[in-house]
Amino acid sequence: MMVLTKKMIEIRSILQKVDQSNSLTLPSIVVIGSQSSGKSSVLEAIVGHEFLPKGSNMVTRRPIELTLVNTPGTGEEYGEFPGLGFRRITDFSSIQRTLTELNMAVTDAECVSDDPIHLTIYSPNVPDLSLIDLPGYIQVVGQNQPLQLKQKISELCDKYIQPPNVILAISAADVDLANSTALRASRRVDPRGERTIGVITKMDLVDPIRGASILGDKQYSLRLGYVGVVSKAPPTQGLFKIGPANLMSAIAKHENDFFSSHPLEFGPDAGVNVGTTTLRKKLMNVLEQTMSASLQSTSNAIRQELEEATYEFKVQYNDRPLSAESYLAESLDAFKHAFKQFTEEFGRPQMRELLKGELNQKVLDLLAARYWNKPITDLSAAQIDPDRITDLPKADPNSLYWRRQLDASASALTKLGVGRLATTVVASALQSHVDQLLNNSNFAAHPFARQAIIEAASTILNEKFYSTSDQVENCIKPFKFEIEIEEREWSQGRQHVGEVLKKELYDCEAALNGLETSIGGRRKMKEVINFIDKTRKGDIIVDGDGRSGAGGFSASLLAKGREAVFLRDRADIISMRLMAVKSKQCASVKNKYFCPEVFLDAAASKLASTAVLFLNVELLSEFYYNFPRELDLRLGRHLTDDEVEKFAKEDPKIRRHLEVIRRKELLELVLEKMDSLRKLEGRERERLTSG
Ligand code: GDP
């Protein structure tokens, strides 16, 4: 018959995973008793090991859901904490330590918690049982304990002693039964004493006649009866403590010695039940009967629950199957697919454009610093003065000044660190594209995977960064000495820089308009600009730097005015240079000293094209090849099942979907097991009745 209990306990454990609220469960044996009634000693005598927390300071603060699994034919005894993932602890003192820590994690202020600790013990010496140890009832509240502690313990116990659980009410023989808190509590929920087993501990402490009369108690009669035990281990002899391995037999012997020395009171004809072995058997029988009795009702409840889960699965999730692994694999595939598409859209031309854009800005800065920084006095004047921007169109190619200007500009351009600039531009473009792909992927809702993907990208890019920068820098080296521009390149540059200048002009004017609004209109801006122009010409002397305001203008207005003047001048220069670039004079590379804009643009294009050739080989192709592999490494095979599960559940939608499926699967499994169990039970009954 015992195989039934084993299977039912198995089902009970699965049900615990499905449902934490205990609405779907098979019965268990709940152990209650006052502090020091000998509750722990009884449990340890049943298990045959010392493993429960010891001490005077309320050491049991959480329910301990103890599952005993009989493993016949094996010599090994060990415990597992399934909730913590602690496997096969063979040292029972280590189990005791863990239990103590888990209990003591509940603060003194809180004192008890209803969050159960799950512990499973496997041994050839234990019966298949499911027991729940609860904090002991207390008589007096201790100094550091909350006043309502008594109440809290009592409420926690009440929660567990509800039907269909069996109550194991522990009372000590040396305390009047009328004062037994355990019996009083059981009476409240089981007034007819139908599912309570009375255990009387410390039988050795009372006179045998009195002891025997307690066991035959009629005042508090229980259908399942009383069992008397002496579960305290016999006193240690000398220095030798009783080893855990023989605790069970030591207690059995001790009890046997005691009870058999009083045959009249406790012998076979006395009509009382005594001894831990008897108790163990009784527990097995009672649990099995109780479990069988609730098999039908529990399986009905499960069937109903399953129907609900099935309905939810159909309505909410369209019966779409999903597992954490399949979700991860699909998400990863989709991401890699999107990445592949991106690789087809982002190649040499795109890199070149990015880099050229960056260099355009540098060219504008260089021009501003070397050519456009001279004051324009009169745009139409054609005076021969090298300090005048207006002279540029007439720059004499033989003049050392204009040669130096252009050489210095070209040299500044080639030496600005193109290798590093180009690599940075492309690497950050790749990184931000990966970000974009991420945002549009399933991974957007998964911080863990997101992080892994971003790291995958940056690892590859960082690894390649220095060698790529160096390579690019090396390959543009010749341009540091000479830049040969052909007519075709020149005319492309001329056309292109025209657009760049137009855009710059447009930006300047837009900024100027913005300033106008913030200054408070065209007239006001004109007034400020006039004032600043006059101070610049020296017509007005302003004390200090005008930071605190001058000419009736506030300091902030003056600052805006200065910015407006700068933008206006820059716009003037750019329009003039735009005209120059369009003029015939700039039509040929021969006039390069007149047209530094065109020359530098053409030079920047050469740099960009050359850099891109190497970037393509050193960085882009490498990245395109390695990134998907790195993704597989980080998110593929080497993740553990738990990590995959954790990943999938980061998305609340997916979590709910997975939970419904899991619940459904577990309920189906349980139901299947229950059905076969009921058949087995039926056959067993037939066999017993026919035999
Ligand atoms: P708990 O607080 O209810 O878990 O009680 P314990 O199992 O820790 O026992 C309280 C005290 O009673 C301990 O000192 C035990 O050694 C002692 N004790 C437990 N059972 C017996 C018994 O059957 N006989 C005797 N003499 N002492 C016992």
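Read the numbers this way: they start at 1 and go in the same order the structure lists the ligands and their atoms.
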Ionic contact status for [Y] with [X], cut-off 4.0 Å:
X	Y	answer
Asp158	Arg188	yes
Lys649	Glu645	yes
Lys664	Glu668	yes
Asp675	Lys679	no

Quick one: look up the protein heavy atom nearest [atom] and list residue, atom name and how far away it is.
atom	value
atom 17 (C) of ligand 1	Lys202 CE, 4.1 Å
atom 25 (C) of ligand 1	Lys232 CD, 3.3 Å
atom 5 (O) of ligand 1	Gly38 N, 3.1 Å

State which residues pass ring-ring contact (aromatic ring centres under 6.0 Å, His included) with Tyr220; sequence neighbours excluded, sorted by chain then number. none
Can you list everything that forms a ring-ring contact (aromatic ring centres under 6.0 Å, His included) with Phe51? Sequence neighbours excluded, please. none
Does Gly33 have a heavy atom less than 4.0 Å from any atom of ligand 1? no
Heavy-atom gap Ser231 to ligand 1 smaller than 4.0 Å: yes
Parallel under 30°, tilted from 30 to 60°, perpendicular over 60°: which one fits the rings of Phe313 and His657? tilted
Subset of ligand 1 atoms that lie under 4.0 Å from at least one heavy atom of Val230: 23 (O)
Could you tell me whether Leu205 approaches ligand 1 through its side chain, its backbone, both or neither, with non-hydrogen atoms closer than 4.0 Å? side chain
Atom 13 (C) of ligand 1 within contact range, any protein heavy atom under 4.0 Å: no
Within 4.0 Å of atom 3 (O) of ligand 1 (strictly less), any protein heavy atom? yes
When you measure from atom 19 (C) of ligand 1 to each heavy atom in Ser41, Gly55, Ser40, which option holds the nearest one? Ser41
Among Pro135, Ser34, Ser37, Ser36, which residue places a heavy atom closest to atom 10 (C) of ligand 1? Ser36
Distance to the ring centre below 6.0 angstrom and angle to the axis at most 45 degrees; does that hold for Arg88 and Tyr78? yes
Any nitrogen or oxygen of Asp204 lying under 3.5 Å from a nitrogen or oxygen in ligand 1? Just yes or no. yes
Looking only at distances, can you tell me whether any N or O atom of Gln35, backbone or side chain, sits closer than 3.5 Å to an N or O atom of ligand 1? no
So, Asn300 versus Gln296: side-chain donor-acceptor pair below 3.5 Å or not? yes
